[in-house]
Enquirer: 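Submitted below is the structure of interest, expressed as structure tokens.
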Amino acid sequence: MASYNHAAIEKKWHDKWELNPINPKTDREGHEKEKYYCLDMFPYPSGNGLHVGHWRGYVISDVWSRYKLLQGYHVIHPMGWDAFGLPAENYAIKMGIHPSVSTEENIKNIKKQIKQIAAIYDWDMEVNTTDPGFYKWTQWIFVQMFKKGLAYEKEFPINWCPSCKTGLANEEVVDGKCERCGTPVTKKNLRQWMLKITAYADRLLEDLKTLDWPEKVIKMQTDWIGKSYGAEVNFPIDGRDEIITVYTTRPDTLYGATFMVLSPEHELSASLATPEHKAEVDEYILAASMRSNVDRMQDKEKTGVFTGSYAVNPLNQEKIPIWLSDYVLADYGTGAIMCVPAHDERDFAFAKKFGLPIVQVIAEDPDHVEELKEAYTAANGVVVNSGEWNGMRSETLKTEAPHIIEKMGIGKATVNFKLRDWVFSRQRYWGEPIPIIHCPHCGNVPVPEDQLPLELPDVESYEPTGTGESPLAAIDEWVNTTCPVCGAPAKRETNTMPQWAGSSWYFLRYVDNHNTEELISKEAAAKYLPVDMYIGGVEHAVLHLLYSRFYTKFLYDIGVVDFEEPFKKLFNQGMITGKNGVKMSKSKGNVISPDELVRDYGCDALRMYELFVGPPQLDAEWDDRGIDGVRRFLTKVWNLLLDSTDGEPVIATQEMIRARHQLIYTITSRLNDFSLNTVISGFMEYTNQLASIAKKSGGVDIETLEVLSVLLSPFAPHLAEEMWEKLGHDTSVFENQWPAYNEEAMKEDEIKIPLQINGKTKGVLTIAASADKDTILSKGKELLGKKLEKEPVKEIYVPGKIVNFVVK
RNA sequence: GCGGAUGUGGCGGAAUUGGCAGACGCGCUAGACUUAGGAUCUAGUGGGCUUCCCGUGCAGGUUCAAAUCCUGUCAUCCGCACCA
């Protein structure tokens with residue numbers, strides 16, 4: 001008996017599929033099939049190669065793709081390379097090898113590793129973000145945004161990573177540290193290119209409702225966008241002409257404002273200091289500017305300084321002191337707040353610390369207002385101490401106040417977002433050059449579209465200058481150009497785009513990747529997009545996924561695509577970790593490479609084990625030993641095949657037919673629930689059952705094996721093809737339709753009903769499935785016999801499920 | 001501090017959504033076959049004082065019946081972190 005030789009079987013089918021891909025656009029009659037677009041988050045081609053964690057996501061997406069294929073779809077399942085970015089550049093700095101060379105090398109290696117997965121990627125669709133034919137369109141999108149006023153230059157203190165020596169978007173600052181390298185982020189005043197993602201804030205928020213995405217990701221994006229309703233209120237400054245506008249979500253508490261706090265960076269902060277407070281104020285502003293974000297965030301205790309100036313509450317004309325404190329953020333709202341210590345925790349803490357008055361304006365019971373021990377932040381209660389507003393419900397006033405204020409002419413109703421515009425320029429080499437020319441006469445002029453791509457020139461040193469200039473600035477012959485509008489000498493923009501630029505739209509390009517005239521043709525966009533299923537890690541919950549949504553909406557607005565959301569369904573697979581949940585990393589030395597496992601156990605075994613380790617959406621600790629189990633399973637399937645095809649065909653028994661339909665049901669429903677780990681255990685259970693049936697009958701029938709091979713094909717494609725061939729077919733197993741089950745055929749003749757006394761199981765009754773309630777109850781009593789000491793006071797029977805006798 | 005997820009044998013995890021807790025697999029134990037075993041096969045494997053009882057982080061509750069629902073609480077992980 002030939003044993004299961006994974007190496008030979010897998011090599012054979014690998015080569016066949018290479019020649020004859022199994023994912024046709026049309027069905028056997030030549031009719032065009034409906035498309036299903038199943039997308040992986042494309043990898044950065046790092047020099048470290050793949051580990052078993054990368055495999056997991058790709059296996060999940062491939063299983064799903066093959067399942068869709070068997071359901072009759074034409075599956076769009078592409079792969080590409082997100083190849084711009086810092087590691088290649090840092091490698092270049094260290095080794096003097098051009099990033100394009102090391103990138104190409106890495107892609108070659110990773111592609112080889114990815115091919116080991118045997119996924120049905122369509123390599124004709126491959127894209128690479130560093131390919132000029134690709135980044136031509138990355139630049140083109142930027143030019144369109146520029147033309148629409150969505151890309152603009154701005155000089156202001158940006159997030160600066162002193163290690164990467166580059167500016168960062170807000171989204172890239174995690175806990176005050178650089179998302180890439182973990183270095184604490186500082187502020188630096190620099191001219192930057194910005195993308196006005198805030199113009200899309202409302203749509204980005206609103207359309208989240210339409211997405212079939214994990215709750216968690218929707219929540220994270222919702223919070224990131226951070227929409228709030230409130231009012232801007234104008235406070236005149238006592239004795240001066242300027243006014244200070246504050247933003248508040250609680251205009252209903254306006255009468256309770258007893259002081260005001262400005263952020264140290266507020267434009268009026270320095271000038272508000274009266275002579276006797278000047279020194280202290282200047283010192284505070286300077287100190288705040290020196291501190292990093294991390295530092296500021298670690299403060300528990302509030303700090304602050306009094307300016308000596310007063311603002312006037314526009315409602316009651318009361319003078320309130322103006323303070324500065326760094327708990328007020330310069331770039332949220334107006335950078336200034338009115339403080340109502342009675343009804344805001346932070347204001348309360350500040351007032352307590354600096355001895356400022358506290359006036360309660362909302363009370364649960366207006367007749368018994370006692371001194372507050374802590375801020376009363378709930379907006380439910382009766383308004384007090386508030387002039388003409390007294391007696392109103394604060395719930396009502398909260399929504400009406402903005403309009404009242406607006407009518408009074410002291411402010412206006414406003415909506416605010418946490419979302420900031422996107423710092424889009426990087427002072428680095430290995431990215432798409434920003435296609436803008438600075439002309440002394442015409443200002444910023446985009447590179448004419450027929451001159452795109454604006455190719456990245458070679459440089460002598462990749463090292464960032466650290467002064468805020470990109471290495472490109474050192475290439476005079478590239479920098480110096482002429483203005484496309486007036487022809488005068490002009491200079492090129494030397495900043496490059498962030499890595500997100502290419503990844504924000506790459507999924508559009510796969511389906512029309514050779515198009516030199518358009519980013520994507522209208523036909524291809526309409527036919528293949530949007531993405532039906534997007535699979536990847538949760539680490540991109542805000543960054544990549546938010547940017548991609550923004551890009552898609554913009555491309556919708558300029559008529560490139562006809563949909564507003566790129567990814568209909570999102571699945572986040574959990575991370576594979578090393579022992580004790582430690583993230584796999586080269587530095588920790590706990591990286592498990594798939595290469596040896598594929599060699600020793602086979603691709604099919606590793607694919608199935610990747611799914612069997614645990615629920616796909618949860619993290620899982622890798623344990624090499626477990627793969628033996630799936631390997632044994634595959635061997636059992638193989639032996640079953642050999643036993644059954646070794647001689648006279650076995651006639652199907654009722655038991656085999658029933659088991660077959662039950663299997664189809666089990667696998668299909670678990671697959672639809674994305675419960676891939678239990679799909680595998682379902683197969684194992686079934687195979688154990690079949691093995692014992694086969695022992696009695698000398699094998700199982702052909703149809704059972706055929707169904708098994710089709711069901712198994714998304715998971716263990718090589719073995720499935722081999723089985724299908726051994727069963728006498730010269731077609732591919734993937735030309736089948738996903739099998740259907742028959743409810744009738746699944747039904748057992750006999751059922752087992754647990755018998756309980758007071759909810760504790762005391763026996764199991766095996767009885768004909770057709771038996772009625774009375775029969776079951778009396779047979780049950782009979783079976784329990786002496787255990788049922790007294791006549792039950794109550795008899796519970798849930799059809800097909802359980803019997804419970806309740807005794808006193 | 002706020003929000004979310006998770007908590008079940010020695011381990012990874014099942015449990016048709018309120019109906020036999022521990023499927024399936026790893027590991028372990030014993031046996032068989034072997035010159036050999038990190039191969040294969042067979043049997044066993046939650047705990048205990050074993051006709052019975054106890055067991056799903058902990059404490060209560062609802063129910064004929066709870067891992068599942070409710071109340072409270074603890075632990076771990078993740079996200080946000082002065083957003084006015």
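Labels below follow one simple rule: chain letters A, B, ... track the order of the sequence lines, proteins then strands, and each chain is numbered from 1.
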Enquirer: Could you give me the stems involving RNA chain B, meaning stretches of three or more consecutive Watson-Crick or G-U wobble pairs whose two defining distances are both below 3.5 Å?
Expert: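 If one scans RNA chain B for consecutive Watson-Crick or G-U pairs, the stems found are B:1-7 with B:74-80, B:10-12 with B:24-26, B:27-32 with B:40-45, B:46-48 with B:52-54, B:57-61 with B:69-73.
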Enquirer: Between B/rU6 and B/rG12, how far is it from one C1' atom to the other, in whole Å?
Expert: 15 Å
Enquirer: Supply the atom-to-atom distance A/Tyr255 OH to A/Ile362 CD1, rounded to the nearest 0.5 angstrom.
Expert: 14.0 Å
Enquirer: Reckon A/Val798 touches a base, only the sugar-phosphate, or nothing at all at heavy-atom distances under 4.0 Å?
Expert: base
Enquirer: On a whole-Å scale, what distance lies between the C1' atoms belonging to B/rG9 and B/rA21?
Expert: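 About 11 Å, rounded to a whole number of Å.
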Enquirer: Taking the side chain of A/Ile796 as heavy atoms from C-beta outward, which of B/rG19, B/rA21, B/rA84 is closest to it?
Expert: B/rG19
Enquirer: Under the criterion ring pair (Phe, Tyr, Trp, His ring centres under 6.0 Å), which of A/Trp422, A/Tyr200, A/Trp224 is the partner of A/Tyr547?
Expert: A/Trp422
Enquirer: Check whether any side-chain nitrogen or oxygen of A/Lys794 sits under 4.0 Å from OP1 or OP2 of B/rC64, and answer yes or no.
Expert: yes
Enquirer: What is the distance, to the nearest angstrom, from the OH atom on A/Tyr686 to the P atom on B/rC24?
Expert: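 From A/Tyr686 OH to B/rC24 P: 16 Å.
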Enquirer: So how far is it from A/Thr666 OG1 to A/Gln662 CD, rounded to the nearest 0.5 Å?
Expert: 7.0 Å
Enquirer: Output, in order, the C-alpha distance, side-chain angles, deciding distance and verdict of side chain to side chain contact (heavy atoms under 4.5 Å, CB included) for A/Ile753 and A/Val764.
Expert: CA-CA 6 Å; A/Ile753 299 194; A/Val764 179; over 6 Å; no
Enquirer: Would you measure the distance from the P atom in B/rC49 across to the matching atom in B/rA36 and give it in whole Å?
Expert: 38 Å
Enquirer: Rounded to whole Å, how long is the line connecting atom CD of A/Glu345 with atom C1' of B/rA81?
Expert: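 Going from A/Glu345 (CD) to B/rA81 (C1'), I get 13 Å.
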Enquirer: Rounded off to whole Å, could you give me the CZ-to-P distance for the A/Phe612 and B/rA14 pair?
Expert: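 To the nearest whole Å, that distance equals 10 Å.
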Enquirer: With P as the reference atom in both, quote the distance from B/rG38 to B/rA30 in angstrom, rounded to an integer.
Expert: 14 Å
Enquirer: Do the side chain of A/Lys752 and the base of B/rC20 come within less than 3.5 angstrom through a donor-acceptor pair of N or O atoms?
Expert: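 It does not, because no donor-acceptor pair links the side chain of A/Lys752 to the base of B/rC20 below 3.5 Å.
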Enquirer: Drop me the distance from A/Arg670's CZ to A/Phe683's CZ, to the nearest 0.5 angstrom.
Expert: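 So the CZ of A/Arg670 and the CZ of A/Phe683 are separated by 10.5 Å.
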Enquirer: Syn or anti: how is B/rG4 classified when any glycosidic angle within 90° of 0 counts as syn?
Expert: anti
Enquirer: Of the options B/rC64, B/rC20, B/rG3, whose atoms approach the side-chain atoms of A/Ile802 most closely?
Expert: B/rC20
Enquirer: To the nearest 0.5 Å, what is the distance between OG1 (A/Thr687) and CH2 (A/Trp638)?
Expert: 15.0 Å
Enquirer: For A/Ser681 and A/Thr678, test the side chains for any donor-to-acceptor distance below 3.5 angstrom and give the result as yes or no.
Expert: no
Enquirer: Between C1' on B/rG4 and CD on A/Glu215, what's the gap in Å once rounded to a whole number?
Expert: 10 Å
Enquirer: Indicate, with a heavy-atom threshold strictly under 4.0 Å, whether A/Asp347 touches base, sugar-phosphate, or nothing.
Expert: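 Answer is nothing: A/Asp347 stays at 4.0 Å or more from every strand.
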Enquirer: How long is the line joining CD of A/Glu610 and P of B/rG12, in whole Å?
Expert: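 Computing the A/Glu610:CD to B/rG12:P distance gives 18 Å.
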Enquirer: With 3.5 Å as the limit, what N/O pairs link the protein to nucleotides 75-78 of chain B?
Expert:
from   : atom 1 : to       : atom 2 : distance (Å)
B/rC78 : O2'    : A/Lys216 : NZ     : 3.4

Enquirer: Give me the distance, rounded to whole Å, that separates B/rG57 from B/rG7 when you measure between the C1' atoms they each carry.
Expert: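 The answer is 6 Å between these two C1' atoms.
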Enquirer: Identify whether any heavy atom of A/Lys762 sits under 4.0 Å from a base atom; if not, whether one sits that close to sugar-phosphate; answer base, sugar-phosphate or nothing.
Expert: sugar-phosphate
Enquirer: Where does B/rU17 land, syn or anti, once you apply the within-90°-of-0 test for syn?
Expert: syn
Enquirer: Strictly below 4.0 Å: does A/Lys760 bring a side-chain N or O up to OP1 or OP2 of B/rG19?
Expert: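 Checking B/rG19 against A/Lys760, no side-chain N or O comes under 4.0 Å of OP1 or OP2.
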Enquirer: Taking the same atom, P, in B/rG22 and in B/rC28, what whole-Å distance lies between them?
Expert: 24 Å
Enquirer: Is the NZ or CZ atom of A/Lys302 both under 6.0 Å from the centre of the six-membered ring of A/Tyr327 and within 45° of that ring's axis?
Expert: yes
Enquirer: Where does B/rU63 land, syn or anti, given syn is within 90° of 0?
Expert: anti
Enquirer: Taking A/Trp323 as the fixed residue, which of A/Phe354, A/Tyr284, A/Phe259 is the one that meets the ring pair (Phe, Tyr, Trp, His ring centres under 6.0 Å) rule?
Expert: A/Phe354
Enquirer: C1' atom, B/rC54 versus B/rA67: distance in rounded Å?
Expert: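 Nearest-Å result for B/rC54 against B/rA67 at atom C1': 16 Å.
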Enquirer: Rounded to the nearest angstrom, tell me the gap between atom CG in A/Asn170 and atom C1' in B/rA81.
Expert: 14 Å
Enquirer: Just how far, in rounded Å, is C1' of B/rA84 from CD1 of A/Ile244?
Expert: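 Whole-Å distance recorded here is 15 Å.
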Enquirer: Quick check for you: among B/rA84, B/rC53, B/rC20, whose closest atom lies nearest to any side-chain atom of A/Pro754?
Expert: B/rC20
Enquirer: For A/Lys227, enumerate each residue passing the side-chain hydrogen bond (donor to acceptor under 3.5 Å, both in side chains) test, keeping only those at least two apart in sequence or located in another chain.
Expert: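 Here the qualifying residues are A/Asp202, A/Tyr229.
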Enquirer: Round to the nearest Å and state the distance from A/Glu795 atom CD to B/rA65 atom P.
Expert: 16 Å
Enquirer: Out of B/rC20, B/rG19, B/rC53, which nucleotide sits closest to the side chain of A/Val764?
Expert: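 Looking only at heavy atoms from C-beta outward on A/Val764, the closest nucleotide is B/rC20.
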Enquirer: Given B/rG19, B/rC80, B/rC20, which nucleotide is nearest the side-chain atoms of A/Lys418?
Expert: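 Of all the options, the side chain of A/Lys418 is nearest to B/rC80.
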Enquirer: Between B/rG13 and B/rU51, how far is it from one C1' atom to the other, in whole Å?
Expert: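 Taking atom C1' in both B/rG13 and B/rU51, they lie 34 Å apart.
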Enquirer: Name all residues meeting the side-chain hydrogen bond (donor to acceptor under 3.5 Å, both in side chains) criterion together with A/Ser386; count only those two or more places apart in sequence or in a different chain, and write none if there are none.
Expert: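 Checked A/Ser386 against side-chain hydrogen bond (donor to acceptor under 3.5 Å, both in side chains); zero matches.
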Enquirer: Taking the side chain of A/Pro615 as its heavy atoms from C-beta onward, which of B/rC24, B/rG13, B/rG3 lies nearest to it?
Expert: B/rG13
Enquirer: Output yes when at least one side-chain N/O atom of A/Tyr332 is less than 4.0 Å from OP1 or OP2 of B/rA84, else no.
Expert: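 Indeed, a polar side-chain atom of A/Tyr332 lies that close.
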Enquirer: Does any residue of residues 668-685 of chain A have a heavy atom under 4.0 Å from RNA chain B, and if so, which ones, in number order?
Expert: A/Asn677, A/Thr678, A/Ser681, A/Met684, A/Glu685
Enquirer: For every nucleotide of nucleotides 26-49 of chain B, 5' to 3': is a protein heavy atom under 4.0 Å from its base (B), only from its sugar-phosphate (S), or from neither (-)?
Expert: SS-----------SS---------
Enquirer: At under 4.0 Å between heavy atoms, what does A/Ser325 touch on the DNA or RNA strands: base, sugar-phosphate, or nothing?
Expert: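 If one applies the 4.0 Å heavy-atom cut-off, A/Ser325 turns out to touch nothing in the nucleic acid.
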Enquirer: Using a 4.0 Å heavy-atom cut-off across all strands, classify A/Asp223 as base, sugar-phosphate, or nothing.
Expert: nothing
Enquirer: Return the 5'-most residue of the pair A/Lys219, A/Gly335 with respect to RNA chain B, ranking by each residue's nearest nucleotide.
Expert: A/Lys219
